Amino acid sequence: MNLQPEKLAYELSSPGRIGVVLPECDVPVTALPKDMLRDNLPLPEMDELTVVRHFTRLSQKNFSIDTHYYPLGSCTMKYNPKINEATAALPGWRNTHPLVGAEFSQGAIELMFRLQKELNLIGGFVAGSLQPAAGAQGELAGVLMIRAAQVARGQSQRTKMIVPDSAHGTNPATCTMAGMSVVQLTSDADGAIDLEALKAACDDTVAGIMITNPSTIGVFERNMKEIADIVHAAGGLVYGDGANMNAIAGIVRPGDLGIDVMHYNLHKTFSTPHGGGGPGVGYVGAAPSLAEFLPGPIAVQENGKYLMRMPKQSIGRLKAFYGNFAVLVRAYTYVRMLGEGGLRKMSENAVLNANYLKARLEKTYPVKYPRRCMHEFVAMGNIAEGVHTLDIAKRLIDYGFHPPTIYFPLIVPEALMIEPTETENLETLDAFADAMLKIAEEAKTNPQLLHDAPHDTPVGRLDEVGAARNPVLCYRS
Ligand SMILES: *Cc1c(COP(=O)(O)O)cnc(C)c1O
């Protein structure tokens with residue numbers, strides 16, 4: 001509840017109020033260059049309590065996993081265990097500097113070496129790189145690796161990537177950024193890849209395929225091995241988008257299914273916090289066919305010492321220094337905490353939770369691909385005259401839930417993509433399902449309630465296009 005009207009820090013200012021008294025300077029005082037200093041810098045002046053209230057209030061306007069249920073499909077908004085924060089904040093990690101060199105960073109490089117090993121074991125790969133800062137950057141690495149390998153084989157005419165229409169939006173974008181062209185494959189009525197269409201698309205200009213499994217519609221691609229065989233026989237390589245590992249980790253190893261290179265999202269499956277573009281890691285794992293092309297440097301162990309090495313035919317660096325190191329500490333903590341059996345249970349519960357919600361909702365919100373789902377499912381929101389998915393999403397906010405992903409994937413009209421994650425209990429799943437069913441009733445009896453939602457937020461429906469085109473990024477009185 002906001003007892004005070006909304007004010008910006010500048011408006012709370014009162015001349016002469018002091019919040020902090022700076023400690024004595026403990027280094028020699030040096031004059032600053034005159035031309036870089038301003039005499040007139042109107043910083044807000046206020047007492048400490050006002051500052052604390054201001055920022056605490058701002059923080060509470062945010063939706064977060066720590067405060068609310070967050071079933072945002074494709075994003076795996078699972079709970080981020082607090083022990084991850086404790087280990088990432090250990091002084092040895094926190095205070096180390098990337099420029100001190102390998103000799104004084106043995107612990108940090110050992111952690112990276114061990115994490116690489118765990119992730120390779122989980123995915124069925126022989127090597128991998130912790131450099132990429134996001135899933136999309138892992139994709140870019142993988143497609144550049146495929147391109148480099150084809151060129152090294154004397155196959156530089158291979159400039160096409162096959163991408164199914166059920167792919168994550170980043171897949172075709174990645175191919176384009178990597179200078180490749182995209183051949184789109186249409187999914188069949190079951191949401192699977194059409195093998196005949198795939199065979200027809202495979203010629204000697206195809207560098208490879210990008211395939212998301214489990215796919216973006218939340219189903220497992222059963223013909224994965226056959227798909228990989230067809231592409232390999234045609235001289236192509238297979239990129240796996242492993243962002244949906246939360247459904248299969250500890251159960252299936254993508255490397256065993258014929259995938260040559262794959263990214264995992266440590267900030268999804270391996271519980272490091274994400275959102276708002278915050279730091280992530282898109283680990284790329286590789287089979288022997290592509291391991292030498294990985295981005296680097298990679299942590300290796302030689303003569304009892306840990307070192308960072310560039311793979312022989314590396315596509316190069318993607319990130320400065322050691323990448324997003326604190327994310328690596330969190331992911332390592334998580335993997336070690338769960339262990340092999342725990343990882344399997346994580347995936348099984350993610351799938352169980354999604355199927356439970358699907359079963360409670362599918363009579364009211366139709367599911368286009370009704371097969372048993374993996375860790376997420378895609379329902380449809382066109383449930384009453386004049387009511388759209390956007391209305392349902394906005395009304396959910398009134399009930400205290402973060403809306404699911406909407407209007408994605410594009411192959412499902414009025415899509416509502418729901419990913420419960422394994423960390424939610426039965427009561428929360430039921431409360432969410434109850435709210436969804438209540439909203440479906442409201443859609444029939446009082447649709448205006450949905451059109452006007454959200455009702456209780458500081459701002460209502462935003463002009464998102466205007467905000468993107470004309471962002472106001474600084475304070476104006
Ligand atoms: C999230 C996601 C990505 C992209 O990962 P980012 O870290 O957001 O760049 C790619 N593919 C799939 C299937 C995803 O769910």
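Every heavy atom of this structure was used, including side-chain atoms; hydrogens, water molecules and symmetry mates were not. Order of listing sets the numbers, starting from 1, for every ligand and every atom in it. All figures in this text were calculated on a predicted structure; none of them were measured in a lab.
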**Report entry** Any P404 side-chain heavy atom under 4.5 Å of L72 side chain
**Finding:** no
Query - Parallel, tilted or perpendicular, as decided by the 30° and 60° cut-offs, for the rings of F401 and F432 - result: perpendicular
Query raised in the report: Salt bridge between D430 and R360, side-chain N to carboxylate O under 4.0 Å?
Result: yes
Query raised in the report: What part of A243, side chain, backbone, both or neither, has a heavy atom within less than 4.0 angstrom of ligand 1?
Result: side chain
Requested in this report: Number the atoms of ligand 1 from 1 as they appear, then name those within less than 4.0 Å of a heavy atom of T212, with their elements.
Outcome: 13 (C)
Query - Distance-only polar pair, side chains of K78 and N246, donor-acceptor under 3.5 Å - result: yes
Report task. Would you check whether G135 has a nitrogen or oxygen atom less than 3.5 angstrom from a nitrogen or oxygen atom of ligand 1? Result -> yes
Query raised in the report: Are S156 and Q150 close enough that a side-chain donor and a side-chain acceptor fall under 3.5 Å?
Result: no
Query raised in the report: How about F270 and V335: do any of their side-chain heavy atoms sit closer than 4.5 Å?
Result: yes
**Report entry** Contact atoms of ligand 1, heavy-atom distance to S74 under 4.0 Å
**Finding:** 1 (C), 14 (C), 15 (O)
Report summary line: Counting heavy atoms under 4.0 Å, the part of H274 that contacts ligand 1 is neither
Query raised in the report: Should you measure from each heavy atom of N265, which atoms of ligand 1 turn up under 4.0 Å away?
Result: 1 (C), 5 (O), 6 (P), 7 (O)
Query raised in the report: What residue and heavy atom of the protein are closest to atom 11 (N) of ligand 1, and at what distance?
Result: D241 OD2, 2.5 Å
Query - Q137 N/O to ligand 1 N/O under 3.5 Å - result: no
Query - Option passing side-chain hydrogen bond (donor to acceptor under 3.5 Å, both in side chains) with S271 (candidates T76, T333, N84) - result: N84
Query - Contact check: A134 vs ligand 1, nitrogen or oxygen atoms, below 3.5 angstrom - result: no
Requested in this report: Please tell me if the side chains of Y407 and P413 come closer than 4.5 Å, counting only heavy atoms from C-beta onward.
Outcome: no
Report summary line: Note: heavy atom closest to atom 1 (C) of ligand 1, options M245, K268, H168, E419, belongs to K268
Query raised in the report: Heavy-atom contact under 4.0 Å between H267 and ligand 1?
Result: yes
Query raised in the report: Which of the atoms in ligand 1, numbered in the order shown and given with their element, are less than 4.0 Å from a heavy-atom of E139?
Result: 10 (C), 11 (N)
Report summary line: atom 9 (O) of ligand 1: closest protein heavy atom, distance to 0.1 Å, is A136 N, 2.8 Å
